[in-house]
Amino acid sequence: MGLHRDSGPVPDQHPADPDAPGSAAAGAAVTAGGTPAAGPAPTAAPTVTERAPGGRRPWEAWHPSGRGILGAVVTGIIAYVAAWLMAFLVLVLTLSSLARSGTGEPGGLQEGLTEAVQAGPDPDPSTALATILVLPTQLVGMAFLGPLDVQVGFEMFGLGLALAGTLAWVPLAVTATAFLVAAGSSYLARRRRPLDPRRSTVLAACSGVTVAVLAWVATAATAVDLQEEGLSFSVSAASPVVLLGAFLVVAAGVLVGAAAARRGGSQAPAPVRWVVAVLQVLALHYVLVTVLAGIGLLVAVGVRSGPAVLPSAFAWLPTTTGSAYGLVHLAPVSTALGAETGSLTLFDLPWWGWLSALVVLLLATLVGALAWAARMRILPPVPALLSWAVLPGVFLAGGALVTALTRVSGTLLGVPGITSAEYGPVPWTCLVLSGWALVITVLARFAAPAVLATWPRLATLPVLGSGAGVKGAGSIGIGLQGAGSDGAGTGTTRAGTPSPRRVKLLVAAGSTAVLVLLGAVITVNLVNESVYGPDEPVEAYLGALVAGDVTAAQEVLPSNVGEGRSALLDSAVYGAAQHRISSYTVTGSSRTDDTATVTVTVELTQDGEVSTRDLTLTRTGSTGVLFDDWRLDGPEPVNDVSIAVPQELRAVTVNGTEVELPVGDADSYTGLRSVTFPALPGEYTITPPAASTYLSYGDEQSVLVPAAPGGTPRGVLFASTPTPAVEAEATARVREVLTGCIASTEPSPRGCPNRAFLFGSPGTVRGANWVLDAEPTFTLDESYLPGVYTLLSDDAEATFSYERNVEFDPRRPARWEPEEDTVRLYLRATVTVAAESIDVRMD
């Protein structure tokens with residue numbers, strides 16, 4: 001690309017510069033062993049404190065040309081543009097995945113953000129253009145470590161409310177783009193025009209400052225600021241952190257690119273060359289683990305969620321593989337939601353997941369050991385402590401950087417309080433990685449040399465070996481012979497090469513030890529997973545439910561229900577139920593806290609419908625020291641079945657088994673009581689007792705208890721109703737009373753419904769008689785009192801007839817004339833019904 005070209009009439013590489021071609025320092029070449037090379041002795045440059053004739057002042061060694069500064073500025077601009085384009089690509093692919101998978105509506109999101117940016121500083125551009133500018137620019141700000149701040153203010157019920165949220169997430173795909181573009185530009189420029197490292201540092205700072213200012217200004221200028229009636233909304237990733245993050249990312253990229261392109265790397269100080277070599281090993285190790293883990297994650301996500309979500313991998317895969325880097329090295333991933341914290345360890349994954357991760361860990365450790373051993377052969381001598389500590393130290397710093405960049409956190413400050421969430425490697429992941437680096441160092445010193453001595457070509461591989469651009473400076477005495485003139489190194493031999501027999505024995509012994517250790521770890525975890533894992537109690541419990549064996553299920557998870565309420569949790573009752581759970585699948589588990597409480601998610605199938613439930617287990621101890629004991633805490637997949645019955649009812653039949661009914665509580669219906677039984681998923685047929693002489697409780701009823709959480713079965717109501725014998729018996733008794741009343745000769749018999757008006761005194765009346773003209777028809781009505789009914793009739797008629805003496809003169813003979821009175825009879829009787837008796841009383 002030709003950037004950073006520092007050419008001009010005055011060359012940047014002065015003869016006094018140590019890296020200048022033809023300078024005294026450049027001509028003082030030495031061999032790898034420190035012996036001066038054959039040829040004329042070089043002339044040393046004069047030492048000056050002021051300006052020497054033909055020389056420069058000390059500060060001028062740091063001063064690049066104007067063209068070099070311009071190239072650095074252009075490099076920064078190109079790095080920012082590349083990051084913005086990657087952010088745009090990430091957003092487009094993510095929204096496309098959401099739309100294709102049916103889990104989101106990118107159109108609605110775009111419309112909402114379009115309305116938001118319309119209220120920004122310049123509402124004139126089209127809304128589409130404004131949206132395109134806002135989203136990627138804010139994402140670039142987050143890529144340079146700027147947290148996204150969201151503030152919402154609104155009015156509700158006349159009160160002003162506010163919500164404030166912060167999302168700290170680094171889209172590593174965008175960050176890596178800025179870093180790699182800066183490194184590539186610097187590499188191409190320095191390959192065409194090498195520079196003194198000091199000037200490269202100044203130019204890196206210029207590029208970093210350019211991107212820092214550009215990123216902060218662009219992020220602040222495109223911040224969303226919506227102000228409408230009763231609503232305020234703002235979104236911005238602009239913060240002072242963006243300045244520092246952008247500067248560090250791009251400046252580091254420029255320095256890395258310049259270092260990769262620089263000739264004469266052997267002239268750098270020995271500690272610097274060691275650190276550079278360690279960084280190469282760390283990069284190889286990280287890339288190997290994350291690439292393999294990323295492939296596994298893509299396959300798992302693609303199988304589980306479908307290929308439609310894979311284009312969004314640019315948004316989540318770099319962060320997720322960063323967390324997986326620590327997880328593969330046995331460092332947990334922590335999760336937090338408010339006050340609830342949890343962690344995910346490697347062995348919480350399915351057996352094939354953690355087994356694959358262990359294989360990746362073993363492979364990465366061996367490759368790292370070979371790569372570090374190959375580099376140590378050609379590195380200059382340093383103190384022994386430094387040679388042992390440099391790899392763990394750099395892995396410690398790299399682990400801290402990975403932990404910081406891959407941790408996602410958010411905070412929402414609202415009306416109820418503060419809600420926070422976090423996901424990422426635990427803070428001490430860097431210590432775990434440093435420990436693995438020490439393991440790599442040990443293998444590189446005591447195992448890898450034998451491998452490299454047996455297969456020397458491994459040391460010349462570009463990935464494992466030192467590469468062609470690094471010159472050797474001697475052996476550090478690890479028992480290796482330098483590769484000599486083949487370009488892999490020129491170290492001297494301090495110990496002879498091991499015999500092939502000894503090498504084979506060492507490799508065989510080491511491999512056997514590693515395989516035995518790995519086999520032991522795999523065996524313990526396989527046994528823990530298959531026999532003593534948290535899935536086993538869950539599978540034993542659900543397997544018993546599928547078989548209809550509640551007794552076996554309660555041995556795993558005892559029922560904790562009140563006295564007298566466990567009648568339906570019986571093998572006879574549940575085993576006869578239809579539409580029980582027919583199958584189950586344990587879909588995963590997650591550790592929720594440090595006390596080894598695990599939540600297992602299961603899918604239950606009932607009548608072809610699949611529902612998801614979470615079951616909680618607690619580790620209660622160990623069996624044989626190595627294997628875990630788990631207790632299933634529940635909750636049971638039960639729902640309450642409510643049965644309302646008359647007070648006198650004492651039992652019902654459920655699925656063919658008689659169930660005693662407890663006292664229960666008074667129901668909303670008078671005369672009924674309500675009882676509740678917990679029941680497992682299935683269909684229960686509830687049959688009331690057979691009808692007695694005078695009372696019936698209706699027909700049997702079926703209740704389906706769903707397996708889905710939150711599902712509520714309907715209630716059962718058994719109300720007592722009179723049998724036909726009640727009306728027949730009560731009617732007969734009322735008719736009997738009516739017959740006696742009709743037989744009376746009185747106009748108004750006592751306690752009778754037939755009443756007539758009698759003209760004249762009793763001495764002037766003869767032949768009084770009642771005649772029933774129309775028989776009554778009866779209806780039996782329910783009253784508001786339980787077991788009490790009313791028998792009614794209003795269609796009966798009777799005639800009261802008699803003769804009356806109409807002669808008023810007692811001295812004359814009586815003159816009898818017939819009289820009659822027709823009345824309508826209203827009959828009402830209260831019928832009190834018991835199972836085997838009734839009581840009828842005329843009202």
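Along the sequence shown, the residues carry numbers beginning at 1. Hydrogens, waters and symmetry mates play no part in the numbers below; they use all other heavy atoms, side chains included.
- Considering CZ of F395 and OG1 of T441, their distance stands at 8.0 Å, rounded to 0.5 Å.
- Nearest heavy atom pair, residue L330 against residue L346, reads CD2-CD2, 3.4 Å.
- Inter-residue side-chain proximity for L431 and L396 is flagged as met; some heavy-atom pair is nearer than 4.5 Å.
- Side-chain contact check for W169 versus L148: every heavy-atom pair is 4.5 Å or farther apart.
- Counting only heavy atoms from C-beta outward, the side chains of L297 and T321 approach each other to under 4.5 Å.
- Looking at every heavy atom in both residues, V249 comes nearest to A178 through CG1-CB, 4.3 Å.
- Using bins of under 30°, 30° to 60° and over 60° for the plane-to-plane angle, the ring pair W436/H329 lands in the perpendicular bin.
- Residue A448 comes nearest to L370 through the heavy atom pair CB-CD2, 3.9 Å, listed as atom of the first residue, atom of the second, then distance.
- Considering only heavy atoms from C-beta on, Q138 comes within 4.5 Å of T219 through its side chain.
- Atom-to-atom distance recorded for L391:CG and L386:CG is 11.5 Å, nearest 0.5 angstrom.
- Between S323 and Y423, the closest heavy-atom pair is OG-CE2, 3.9 Å.
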Exercise for review: Could you please spell out the steps behind the side-chain contact (heavy atoms from CB on, under 4.5 Å) verdict for L145 and L405?
Suggested key: CA-CA 8 Å; L145 312 184; L405 294 180; 3.5 Å; yes
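- Residues L617 and P537 are in side-chain contact: their nearest non-hydrogen atoms beyond the backbone lie under 4.5 Å apart.
- Note that the CG atom of L279 and the CG atom of L284 stand 12.5 Å from one another [nearest 0.5 Å].
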Review point. Please walk me through it: do M142 and V174 pass side-chain contact (heavy atoms from CB on, under 4.5 Å)?
Key: CA-CA 9 Å; M142 298 179 68; V174 181; over 6 Å; no
Review point. Step by step, would you call T429 with V402 a side-chain contact (heavy atoms from CB on, under 4.5 Å)?
Key: CA-CA 9 Å; T429 298; V402 170; over 6 Å; no
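- More than 12 heavy atoms of other residues, nucleotides or ligands lie within 6.0 Å of OH in Y584, so this atom counts as buried by the packing criterion.
- Separation of atoms OG (S185) and CG (L180) is listed at 10.5 Å; rounding is to 0.5 Å.
- Inter-residue side-chain proximity for T335 and L344 is flagged as unmet; no heavy-atom pair is nearer than 4.5 Å.
- In this structure the side chain of F314 never reaches within 4.5 angstrom of the side chain of L91, judged on heavy atoms.
- One finds the CG atom of L292 at 11.5 Å from the CG atom of L361 (value rounded to the nearest 0.5 Å).
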Point to revise | Test log, rule side-chain hydrogen bond (donor to acceptor under 3.5 Å, both in side chains), inputs T616 and D633 | key: CA-CA 6 Å; T616 302; D633 298 327; over 6 Å; no
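- One finds the OG1 atom of T175 at 8.5 Å from the CG atom of L139 (value rounded to the nearest 0.5 Å).
- Ring geometry for W372 versus W274: interplanar angle over 60°, hence perpendicular rather than tilted (30 to 60°).
- Between A313 and L298, the closest heavy-atom pair is CB-CD2, 3.7 Å.
- A donor-acceptor pair is defined here as one N or O able to donate and one able to accept, closer than 3.5 Å; such a pair exists between the side chain of S186 and the backbone of A258.
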Exercise for review: Please report the C-alpha distance between Y325 and L433 in whole Å, then the side-chain angles of each, then the deciding distance to 0.1 Å, and finally whether the side-chain contact (heavy atoms from CB on, under 4.5 Å) criterion is met.
Suggested key: CA-CA 9 Å; Y325 182 66; L433 295 176; 3.6 Å; yes
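- In this structure, T345 contributes its side chain and P332 its backbone to no donor-acceptor pair below 3.5 Å.
- A donor-acceptor contact shorter than 3.5 Å is absent between the side chain of T319 and the backbone of R407.
- The two atoms that bring S239 and W216 nearest to each other are O-CD1, 3.3 Å, heavy atoms only.
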